[in-house]
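Order of listing sets the numbers, starting from 1, for every ligand and every atom in it.
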Amino acid sequence: MNILLIGSGGREHALAWKLAQSRLLAGDGDQFYAAPGNPGIAEHAECVALDAGDHAAVLEFCSAKAIGLVAVGPEAPLVNGLGDALRNAGIPVFGPNQGPAQLEGSKGFTKDLCERAGIPTAGYVRTTSLDEAITALDRFSPPYVLKADGLAAGKGVVLPETREEAEAALEDMFGGRFGAAGAEVVIEEFMVGEEASFFALTDGTAILPLGSAQDHKRVGEGDTGPNTGGMGAYSPAPVLTAALQQDVMDRIITPTVDALRAEGTPYSGVLFAGLMLTDKGPKLIEYNARFGDPECQVLMMRLEEDLGELMLACAEGKLSEYSAANLSSETALTVVMAANGYPGTPEKGGAIQLGSAETSSAKVFHAGTKIEGEQLRANGGRVLNVTAMGANVTQAQTAAYAAVDAITFPTGFCRRDIGWREVERESP
Ligand code: ATP
């Protein structure tokens, strides 16, 4: 079969690496394309210049190349309706339609769905004007949680400590700081607890749990400094015990999938739940309509299934043929190497030598790289995802940093403490 992967980051390199091992691509003449891809993805797929926002061009490409499966990595094409365009043309696609992708595209949509389906989450109010939002603040106490409704590249959430800061932040948000994404602001109750991520595959009816992860959003060690797209992650997250995962399946994931199907907008693809583990049990913080980046990298390292076949089963409504999606019981941990300056203005063009970083248990996924002649160079904020396996978080961390230390990247940096919470819990 011919497969097209959409995306260009570390998440997509991990998907490409795993898809390249699929039986779906094992036949003579099977072609694997990525749009637009990156130098790491190019080791597995033919990278093509195709704009995922141009649905007609994507359809034309799929028809010309007889594509049998499109795997969509990032959220923007899904929220923009690429899934619908492909499904309407009869092309199997991994990723939801625009309607159910609103789980990620609109925080208000998700909160309303949680209310209708009785899913545990923070109390909230949706507001569409500054006056309404300021009045609504009376119903909450600090710290406040203010969220631009739409996609804001992970930057649309503000957590002001005081009423004054909250009002100033609301003025900013309704003043256009997040563009159209901030035309509505959701105000939420502040939840206290440890955060964890949970992933499930679904074809709209059948659901397969795909395991847990924890990431590190802050740029600095000890989880300090500004937020980033994610500086590292590990899977599984032992804090999300088997009992808690069952609870998440029963009270959060299954009711969500059931409600969307019942409402005529079935969700197909991967459902990524951001959770707060509160003293009253897991509560939903947010949904994403795609794999996390860098959580995908650690999940793909552990996945012991044929990713292509799993994605096709989601796309074709055949996920009930699986009883489980098996994952290694080992831990995978990924360290993000970023360009100096990130998350501000990253220094581009720095030379990179990967050396002997890759071993049988360590893999380097490319996030923001380019090739100039023979030289690999930094070409973005997050540049490499150095990922390794180990018997527990401590051992995976040791292996990942051994791989990091084998890489020469003078204009880059990484956090040296990815997994610290779990390493502390694991130490005698
Ligand atoms: P992401 O970067 O994960 O895409 P996002 O902008 O889509 O983030 P959320 O995940 O909803 O937004 O929130 C970002 C962060 O803000 C959360 O990871 C969490 O730390 C914090 N947060 C969000 N909602 C709450 C809440 N109700 N109570 C406490 N903290 C919260």
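Near E195, with a cut-off below 4.0 Å to any heavy atom, the atoms of ligand 1 are 17 (C), 18 (O), 19 (C), 20 (O). Distances below 4.0 Å separate heavy atoms of A122 from the following atoms of ligand 1: 27 (N). Close approach to M276 involves these atoms of ligand 1, each under 4.0 Å from a residue heavy atom: 29 (C), 30 (N).
No hydrogens or angles considered: nothing links the side chains of E330 and Q395 as a donor-acceptor pair under 3.5 Å. Side-chain atoms of T334 and Y234 form no donor-acceptor pair, as typed in the model, at a separation below 3.5 Å.
With respect to D223 and K217, no salt bridge is recorded, no charged nitrogen being found less than 4.0 Å from a carboxylate O. Under the 4.0 Å criterion applied to side-chain N and carboxylate O atoms, R290 and E104 are assigned as salt-bridge partners.
In terms of N/O distances under 3.5 Å, ligand 1 is not approached by L159. At a 3.5 angstrom cut-off on N or O pairs, E189 counts as close to ligand 1.
Taking each of K107, E286, R218, K283 in turn, the one with a heavy atom nearest to atom 3 (O) of ligand 1 proves to be E286.
Under 4.0 Å from ligand 1, the heavy atoms of E188 that appear belong solely to its side chain.
With sequence neighbours excluded, the residues that form a side chain to side chain donor-acceptor pair (under 3.5 Å) with E305 are N326.
Between F413 and Y342, a ring centre-to-centre spacing not shorter than 6.0 Å is recorded.
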